Amino acid sequence: MLFFRRYNKQHISTQQSKQNLHQGLISTNLMDNVAEIQSIFSDTPDLVVRNLVIKQTQSQAVLIYFSGIADRKTIFTHVLNPLLFEDRNQNKENELKVSLGHIKETNTWPQIEDAILNGEAVLFIDKCAIAYIYDTANFPKRSIEDTQIESSITGAHVGFTETGSLNVALIRKYIHNRELKIKEFIIGERGKTRISILYLADVANPDVLKELEERIQKIKVDSVINTGVLAEYIEDQPFSPFPQLLLTERPDFAAAEILQGRMAIVADQSPNVIIGPVTFDTFFKSIDDYGSRWMVASFLRLIRYVGFFIAIFLPAVYIAIISFHFEIIPLKLLLSIGASRERIPFPPYIEAFIMELTLEMLREAGIRLPTKIGQTIGIVGGIVIGQAAVDAGIVSNIMVIVVALTAVASFIIPAYQMGSAIRIVRFPMMILASLFGFVGITVGLMILLGHFIALESLGNPYSSPIAPLRIPDWKDVFIRFPHWAMNKRPLSTKALQMIKGNANRPKGDEPG
Amino acid sequence: MNKNSITLMQFIFLIHGVQMGVGVLTLPRELAEKAGTDGWILIIISWFITTIVSLLIVQIMKKHPNGTILDLLTHYFGKWVGRLATIMFALYFALLAHVIFTREALFIQAWILPRTKIYVLLFLLAIPTYQIVRKNIQILGRYSEFVFYLTSWMIFVYVVPLKDAEWLHLLPILKEGWMPILSNVKSSIFSFIGFEIIFFIYPFLEKKEKASLGVVIANTLSLFAFLIFTIGAYAFFSPDEITLFNEPTIEMLKVLELKFIERLEIVFFSLYLFVMSTTVLPLMFMTVFCTSQLVGKQDHSSHLFWYILMGLTYNLFFPPTFDKNVQLQQIIEQAGMILAFAFPIFLSGYVWAHGLFKRRTIK
């Protein structure tokens with residue numbers, strides 16, 4: 001750990017000293033400037049250096065940009081065209097006439113370097129100590145598509161993309177309010193990832209925001225590749241199986257959470273947005289819960305929580321019962337289990353481990369394979385391993401049922417991170433159960449509980465509506481109350497304004 | 001948020017959790033041995049005494065609301081008495097926690113895992129214990145509260161076997177007069193022990209004005225639990241039969257049976273570990289709280305580690321048995337009588353007199 005930290009420090013400091021070479025101001029000599037640019041960007045074949053004579057002033061000039069990340073069409077029509085062919089503007093003598101909105105002037109090299117790397121075009125003019133920066137950036141980007149992982153039935157079919165500004169725009173679409181503020185940071189010595197915190201200024205708690213800002217500013221790395229990396233840098237307890245920040249790819253979900261008083265962190269180049277501070281129940285919510293009727297939504301919520309426990313404890317309970325407490329199951333069931341386990345040469349925990357590991361591998365293989373081959377995995381897993389293993393007498397029928405139930409149960413958790421957390425918690429439970437039976441499971445649950453109630457997300461209790469008991473928040477945990485009954489923001493976000501609506505609704509057929 | 005504050009609910013459940021633990025399993029038998037089927041009256045008398053003493057403690061602590069009893073003693077009697085009291089409390093809590101922790105493992109061995117070595121079980125239980133106790137009082141409060149909600153439904157299941165109960169067993173009330181009852185109050189009052197943690201958790205309470213209400217509720221919750229368990233057991237077993245069973249409370253559950261699950265008492269007992277843990281964890285916390293205050297350290301996790309390790313090593317070389325455990329318990333009962341009952345009464349007398357004296361001198 002320490003070694004890596006030290007290494008990191010050295011690494012960054014050497015890199016900074018290299019950058020110091022190109023400090024200072026630009027010169028008035030055009031050729032010097034071009035030479036300087038070429039020394040900054042050596043070995044960059046995509047750098048375009050275009051010599052031209054400006055018609056308005058009849059002076060020599062050079063336009064510099066990266067061909068891939070600057071928009072060529074914009075440069076031709078809005079920069080080059082006016083410069084080459086248009087006459088001098090009569091009114092303003094000093095201003096060069098281009099038909100582009102966003103123009104900056106600068107005379108320092110670091111700014112110029114940044115601008116070029118950002119896809120902007122820089123214009124140097126002979127005998128002029130100022131360079132013009134034209135915002136022509138157009139990074140290659142994906143168009144907005146339906147969400148891949150968090151698909152929904154009633155929610156919007158719009159997912160975040162890899163462009164930060166677009167993601168911010170997608171959230172803005174949901175919240176037309178001047179109180180939606182954005183704090184921007186540039187993180188990463190090389191990557192220079194633009195990170196924006198979106199929050200409602202009159203709702204979100206300033207202490208939490210400050211904590212979040214401080215944590216983000218502390219990060220000193222080469223590059224933050226995606227929000228998963230960022231989340232790992234800013235989360236409270238790295239040695240926890242549970243995710244303490246939510247990653248979502250749904251703008252509607254992110255907007256809903258911002259409206260609750262939480263913060264969304266958008267990182268450029270990442271199709272996921274971090275939501276924080278969260279409580280555990282956020283991971284069991286899906287946007288469909290709010291779109292469908294409340295009874296259905298509540299039922300599904302409860303099923304998810306049941307699934308959570310099944311996915312963690314079912315294999316452990318199976319092991320405990322078969323190896324320690326077979327007396328607790330009724331005789332008939334015991335006989336049928338015994339019959340199915342008759343030929344199995346392994347003790348139950350080996351049997352369970354074989355099957356659970358197989359399941360996890362199948363699952364991982366299914367994710368990595370392209371969809372066309374992916375179906376093969378289903379056939380291999382379902383028929384060959386399930387059926388054949390039972391026929392061959394390696395695992396029992398009951399075990400296959402247990403594994404199948406576990407798999408299904410862990411799939412119904414809406415947040416992928418929580419689903420995968422369950423996958424790894426399951427194995428220690430199985431070990432405990434194989435050693436101590438029910439006592440082991442209870443102790444495992446105790447450990448889990450002890451960990452769970454001490455966990456925090458951005459300094460806020462993670463187990464919020466339950467373990468500091470906050471009854472008003474329960475309206476949106478296990479049972480989703482009708483929207484008109486949820487007029488307040490959750491206490492767990494410590495929002496400045498609690499009221500978010502009123503209970504006006506048509507009374508319908510109700511008497512009175 | 002202040003990491004060192006607990007809500008009223010947490011305050012209540014911390015006290016109730018400490019009172020409610022391993023004792024309940026054997027309580028009906030112990031009382032029946034002493035006072036026959038009138039044993040439940042003992043519980044009410046004990047509750048009455050306990051509540052009064054708890055209220056006294058709250059009154060004492062009000063004099064010095066932002067410090068624990070250790071600060072209060074230092075304030076009144078000087079540094080060395082404070083030190084001495086810290087050591088006394090530390091020893092007392094350490095021994096009490098040790099007895100109950102060991103008893104927990106003994107019960108597990110007796111009921112669920114007869115072939116597992118006791119020190120292995122203790123080691124297993126030590127993992128969550130260490131993990132939770134090394135945090136702060138707030139986490140402990142949350143734990144006690146959560147466990148209460150998690151396990152309170154069990155009492156309703158306990159009522160189910162009572163359909164076979166014979167309520168006539170309870171009659172006649174006071175069949176041997178008041179004497180056997182009054183002379184045995186001591187044996188039932190020990191189940192209420194644990195409320196002396198008020199001395200330590202009072203300064204952490206957010207709304208201190210509700211402390212009195214809190215202790216009354218906590219004691220009353222325990223009273224109801226004890227009464228249900230005891231009266232239930234008396235009605236279920238015959239007066240002579242009940243003394244034959246070591247843990248009549250679990251024994252009763254043996255008659256429970258569902259279509260898909262038999263021997264429910266095993267499942268129940270496993271879950272009951274949670275209830276027992278809410279006794280042990282605060283007591284251990286108090287132990288290391290005292291010792292770390294003695295050496296003036298903020299972080300108590302290293303003390304906790306050594307305490308648990310010492311307990312484990314002791315049990316490894318001197319394997320505990322029920323008899324030894326009961327002997328140890330009797331010693332600690334004596335200490336508990338002094339620290340939890342006699343001490344607050346005398347102290348409140350002193351504090352009262354001190355206040356009176358001071359007011360006069362000012363006049």
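Just the heavy atoms: all of them, side chains too, but no hydrogens, waters or symmetry mates, feed the values below. Residue numbers start from 1 in every chain, and the chains themselves are labelled A, B, ... in the order their sequence lines are given, proteins ahead of strands. What you see is a predicted model, and the numbers here were worked out from it, not measured in a lab.
Residues A/V443 and B/L124 come closest through the heavy atom pair CG1-O, 3.6 Å. The shortest heavy-atom contact between A/G450 and B/K135 is O-NZ, 4.3 Å. Pairing each heavy atom of B/E145 with each of A/A467, the nearest pair is OE1-O, 3.8 Å. B/S270 approaches A/V439 most closely through the heavy-atom pair OG-N, 4.3 Å.
With a 4.5 angstrom heavy-atom cutoff, B/T129 does not touch chain A via any of its atoms. Contacts of B/F146 with chain A are made by side-chain atoms alone, with heavy-atom separations under 4.5 Å and no backbone atom involved. In this structure, chain B has no heavy atom under 4.5 Å from any part of A/I441. For a residue to count as touching a neighbouring chain, one of its non-hydrogen atoms must lie under 4.5 Å from one of that chain's; by this rule B/E265 does not touch chain A. Both the backbone and the side chain of A/F438 come within less than 4.5 Å of a heavy atom of chain B.
Using a 4.5 Å heavy-atom cutoff, the side chains of B/F274 and A/L449 are in contact. A/H451 has its side chain within reach of B/Q131: a pair of non-hydrogen atoms, C-beta onward, lies under 4.5 Å apart. Side-chain contact between A/F436 and B/V120: present, with at least one pair of heavy atoms (C-beta onward) separated by less than 4.5 Å. Taking the side chain as every heavy atom from C-beta outward, A/H325 and B/I112 approach each other to under 4.5 Å.
By the 6.0 Å contact criterion, NZ on B/K208 is enclosed, its count of non-hydrogen atoms from other residues, nucleotides or ligands being greater than 12. The 12-atom threshold is exceeded at NZ of B/K163, counting heavy atoms of other residues, nucleotides or ligands nearer than 6.0 Å. A/Y305 OH: more than 12 foreign heavy atoms inside a 6.0 Å radius. The neighbour count for A/K210 NZ, taken as heavy atoms of other residues, nucleotides or ligands under 6.0 Å away, does not exceed 12. By the neighbour-count criterion of 12 heavy atoms within 6.0 Å, atom OH of A/Y349 is sparsely surrounded, having that number or fewer from other residues, nucleotides or ligands. Sparse packing is recorded around CZ of B/F123, with 12 or fewer heavy atoms of other residues, nucleotides or ligands lying under 6.0 Å away. Counting non-hydrogen atoms of neighbouring residues, nucleotides and ligands closer than 6.0 angstrom, the CE atom of B/M310 reaches no more than 12 such neighbours. A 6.0 Å sphere centred on NZ of A/K500 holds more than 12 heavy atoms belonging to other residues, nucleotides or ligands.
In this structure, B/Y149 OH and A/I466 CD1 are separated by 11.0 Å, a value rounded to the nearest 0.5 Å. With values rounded to the nearest 0.5 angstrom, A/I453 atom CD1 is found 7.0 Å from B/R142 atom CZ. In this structure, CZ on A/F326 lies 13.0 Å from CD on B/E262, to the nearest 0.5 angstrom. Note: B/T7 OG1 to A/R470 CZ = 10.5 Å, rounded to the nearest 0.5 Å. How far CG of B/L273 is from CG of A/L445: 10.5 Å, rounded to the nearest 0.5 Å. Of the inter-residue distances, the one linking B/I132 atom CD1 with A/I447 atom CD1 reads 8.5 Å to the nearest 0.5 angstrom.
Here A/I328 is the residue among A/T442, A/I328, A/L448 with the most heavy-atom pairs under 4.5 Å with chain B.
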- Query: Stepwise, does the side chain to side chain contact (heavy atoms under 4.5 Å, CB included) test hold for B/I266 with A/E327?
  - Reply: CA-CA 9 Å; B/I266 290 182; A/E327 66 268 30; 3.2 Å; yes
